[in-house]
Amino acid sequence: MTEPFHSLDRRIQKWVFKQGWSNLRQIQNDAIPPILAGNQDVIISASTASGKTEAFFLPACSSTIDEKDGYSILYISPLKALINDQYRRLESLSVITDINVTPWHGDVAQSLKTKSKRNPSGIVLITPESLESLLIRNSGWVQRSFSSLKYIVIDEFHAFIGTARGQHLLSLLNRLEALLQEIEEPIPRVALSATLGNLNEIPGVLRQNSRMPCSIIKESKSNSQIRFGIQGYIDPVNNDQKIPAFHRICTDLFSLCRGGSHLIFANSRKRTESISAQLSDMCEQEVVPNEFFPHHGSLDKSLREALEARLQKDNLPTTAVCTMTLELGIDIGKVDSVIQVTAPHSVASLRQRLGRSGRRNTPSTLRMLISEKELHADSSIGDKLRIELLQSIAMTRLLIIKKWYEPADLGSFHFSTLLHQVLALIAQWGGIRADQIYNSLCKEGCFNNVTVEQFKELLHHMGQQDLLTQISGGQLVLGLKGEYLTNSYNFYTVFKTPQEFRVIARDKTLGTLPVDTLILEGQHIIFSGKRWRVESINTDNKTIIVSPSKGGDPPQFNGNGMLVHDTVRQEMFDIYKSGSYKIPIGSSEVDYLDSTAKSLFNEGLEFFQEALLHERRIIQHNDYVYIVSWMGDKIVNTIATMLIKLNYKVSIFSGIIEIEKTNLETVSNSLFELCSNNQLTNSDLALSVREKRIEKYDDFIPESLLNIGYGQNYFDVERAREWLELHII
DNA sequence: GACCTGCTGCGGATTG
């Protein structure tokens with residue numbers, strides 16, 4: 001064992017030996033000195049299953065092992081399932097070291113929480129929402145029982161960064177630290193995370209005021225091998241004659257996956273259901289036991305857990321057809337291969353998915369199955385360019401050669417979450433002055449891009465809606481509406497969830513469907529990878545009763561789009577410009593496309609060259625004008641919305657802007673005028689967007705702030721103008 | 001043309 005190991009407490013060393021470990025991993029050794037020192041924040045950045053959790057807990061437990069009064073370690077996780085996993089893993093350590101471990105989330109028995117409340121000590125494993133409820137309802141107890149807190153550790157920190165829930169978490173950390181103010185030194189924050197695109201910016205996210213230095217511990221680059229390939233499919237226009245691409249994809253999936261252990265990522269719950277039902281049918285036709293199962297967020301927990309256990313046990317061949325639910329940190333072991341059907345949405349998520357495959361001594365395997373429409377006289381430019389295949393190729397190259405992935409977007413205002421935190425602070429203290437709220441949340445806190453004027457406007461608007469009211473002496477207290485919101489069971493989460501129906505078969509809950517899904521009695525549906533007939537729909541208790549049947553289609557689940565990054569579109573352009581998708585390794589080139597994908601690529605390339613797209617960004621076809629910018633969706637959205645403001649009829653397909661009933665000259669002149677207007681801002685553009693209420697409390701945000709927040713998230717006027725000046729004018 | 005996450009205290013019935 002190495003030098004750092006010997007600085008751990010003897011009881012911790014004993015536990016390590018009992019695990020049968022002959023050595024600590026590199027990140028575990030590296031983490032010991034800064035965590036034992038206890039005078040700095042630490043970011044541990046490494047892939048899934050690399051021993052990050054132990055890297056924190058070994059030194060942290062070592063230095064707090066004899067603390068018996070109050071909690072010493074606060075562990076925060078985005079998932080209840082992860083808390084349960086960690087609790088199991090810490091159990092043996094807690095037996096040897098006599099450190100209490102308390103899981104604390106909505107599913108944990110009240111009795112267990114009450115017991116820990118009477119005698120707080122050791123480690124608490126909690127969700128942000130449960131911590132919020134403790135701060136609002138029990139802040140006095142929190143102040144006492146966390147008064148000797150030594151560490152705050154956040155698991156899966158990458159899952160929080162840039163999101164409303166992440167902003168909530170940061171605000172909670174600041175509020176907790178403010179509550180424990182008698183402690184002179186701030187409490188070290190430790191973030192455990194998957195590798196991040198902009199790692200050097202993360203210390204500033206973890207703590208906004210830099211009151212503590214931050215060490216970054218990074219896993220050294222692995223030399224693991226990757227096998228990858230892309231298979232193309234042509235979806236025929238005339239379905240009577242030829243087999244649809246979907247069926248050929250399923251046939252190939254069946255032969256690729258049968259008998260092994262695989263994950264199929266299908267990008268939407270609807271497609272996940274279709275594919276898994278089709279593969280199950282094929283098992284039935286071949287008279288073999290079914291080994292294909294769906295996994296997504298609308299399926300009941302019991303079904304998902306059964307599948308996770310089956311994947312982990314490894315004794316039965318199992319393929320999960322899944323959404324991002326199997327991208328996260330839940331323990332399912334490693335699989336033989338990962339298959340992506342349709343183009344991935346981001347390189348970052350593709351990377352997480354790839355990390356799920358590759359057993360000991362075998363390379364990670366990634367396959368992509370991409371279908372494109374057969375061309376006809378009226379095919380769109382996007383189809384002619386074979387844009388989905390091109391995006392898949394670009395993402396593969398960015399992941400494998402350039403080792404690039406999207407950095408988190410850190411510029412959002414999060415007004416909805418700010419409003420939530422204003423209410424939470426007032427609820428926590430009973431009454432508090434406006435300047436105190438501003439200082440704690442904005443000036444010293446994580447909403448530091450919000451100005452005093454914007455904050456005043458928000459408070460004023462909240463007052464008008466009876467969310468809060470000012471009493472004599474200047475204190476703010478909750479208004480009637482504010483009382484109603486904060487007393488609701490639903491208040492502790494900052495993210496929005498739709499109303500849902502429960503789907504039940506033979507008294508067993510299969511999962512949930514959004515209330516606005518169009519489902520009728522007697523209809524046949526696919527759900528949970530099986531085929532059903534809808535027997536009855538009960539709107540009072542929000543249930544749908546189904547019975548087994550044949551046939552049916554999966555229901556439509558709703559969702560918002562996401563933004564493709566500039567770098568991905570630029571890579572797509574570079575590939576066509578250079579004319580080759582191959583990856584140079586040494587003096588040779590790796591080809592990873594099958595023959596269909598290759599001919600699809602050549603069709604797209606041919607159109608690119610014929611249309612002179614290597615030098616033209618704007619083209620005309622009949623009375624349509626197209627802008628092919630090869631830029632990310634923020635810039636595409638900005639240019640499209642600028643044109644909509646000038647009353648053009650505009651639509652966007654995969655980053656290509658289509659303008660109806662016009663000509664090149666007219667559009668170019670308009671764009672020139674737009675560029676000469678230096679006054680136009682992102683918020684001005686947001687004015688013409690109708691549906692801007694996206695986050696949970698957006699209904700209570702004044703229109704002006706809504707425009708600022710939306711503009712910041714979806715537009716970039718400055719860079720769009722730069723691009724237009726360079727390429728169009 | 002997407003996905004995911006989480007949440008209380010109390011009253012009343014039932015059981016040992």
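Remember, it's a predicted structure, so these values are computed and weren't measured experimentally. Reminder, nothing fancy here: chain letters follow the sequence lines and each chain counts from 1.
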Look at A/S349 and B/dC3 and indicate whether a side-chain polar atom (N or O) is within less than 4.0 Å of OP1 or OP2.
-> no
Along DNA chain B (nearest heavy atom to each residue), the more 5'-positioned of A/M324 and A/Y492 = A/M324
Residues A/R502 and A/T509: side-chain donor-acceptor under 3.5 angstrom | yes
Tell me what A/R353 touches on the nucleic acid: a base, only sugar-phosphate, or nothing, going by heavy atoms under 4.0 Å.
-> nothing
Are A/R569 and A/D633 close enough for a salt bridge, meaning some N to O gap below 4.0 Å?
-> yes
Between B/dC7 atom P and A/I76 atom CD1, what is the distance in whole Å?
-> 13 Å
To the side chain of A/I652, which of B/dG1, B/dT5, B/dC7 is closest?
-> B/dG1
From CG of A/L326 across to P of B/dT5 the rounded distance in Å is 10 Å
Could you check how far CH2 of A/W104 sits from C1' of B/dT8, rounded to whole Å?
-> 13 Å
Do we count A/F495 as stacking onto B/dT5 if the rule is ring centres under 5.5 Å and planes under 30°?
-> yes
Separation of B/dG1 P from A/R269 CZ (nearest whole Å) | 15 Å
Are the aromatic rings of A/F160 and A/H168 close, with centres under 6.0 Å apart?
-> no
Less than 3.5 Å between a donor and an acceptor, one on the side chain of A/N490 and one on the base of B/dG6, is that the case here?
-> yes
Per atom distances to the A/L79 side chain, the nearest of B/dG6, B/dT8, B/dG1 is B/dG6
Picking from B/dG1, B/dC3, B/dG6, the nucleotide nearest the side-chain atoms of A/S268 would be B/dC3
Taking atom P of B/dC4 as reference, at what distance in whole Å does atom NE2 of A/H345 sit?
-> 12 Å
May I have the distance from A/K117 (atom NZ) to B/dT8 (atom P), rounded to whole angstrom?
-> 10 Å
Consider the side chain of A/D633, meaning its heavy atoms from C-beta on, and name the nucleotide among B/dC4, B/dG6, B/dG1 that approaches it most closely.
-> B/dG1
Is A/T497 touching bases, backbone alone, or none of the nucleic acid, heavy atoms closer than 4.0 Å?
-> base
Answer yes or no: does a side-chain N or O of A/R304 lie under 4.0 Å from OP1 or OP2 of B/dT5?
-> yes
Can you label the angle between the A/Y626 ring and the A/Y624 ring as parallel, tilted or perpendicular, going by 30° and 60°?
-> parallel
Atom pair distance, as rounded to whole Å: CG in A/N637 and P in B/dG1 = 17 Å
The side chain of A/T323 lies closest to which of these nucleotides: B/dC4, B/dT5, B/dG6?
-> B/dC4
Derivation of the side chain to side chain contact (heavy atoms under 4.5 Å, CB included) call for A/M395 and A/Q340 | CA-CA 12 Å; A/M395 287 187 161; A/Q340 173 76 43; over 6 Å; no
Step-by-step side chain to side chain contact (heavy atoms under 4.5 Å, CB included) determination, A/T114 to A/Q110 | CA-CA 6 Å; A/T114 314; A/Q110 198 66 50; 4.3 Å; yes
Taking OP1 and OP2 of B/dC7, is either one under 4.0 Å from a side-chain nitrogen or oxygen of A/S133?
-> no
Roughly, in whole Å, what's the span from CD1 in A/I126 to C1' in B/dC7?
-> 12 Å
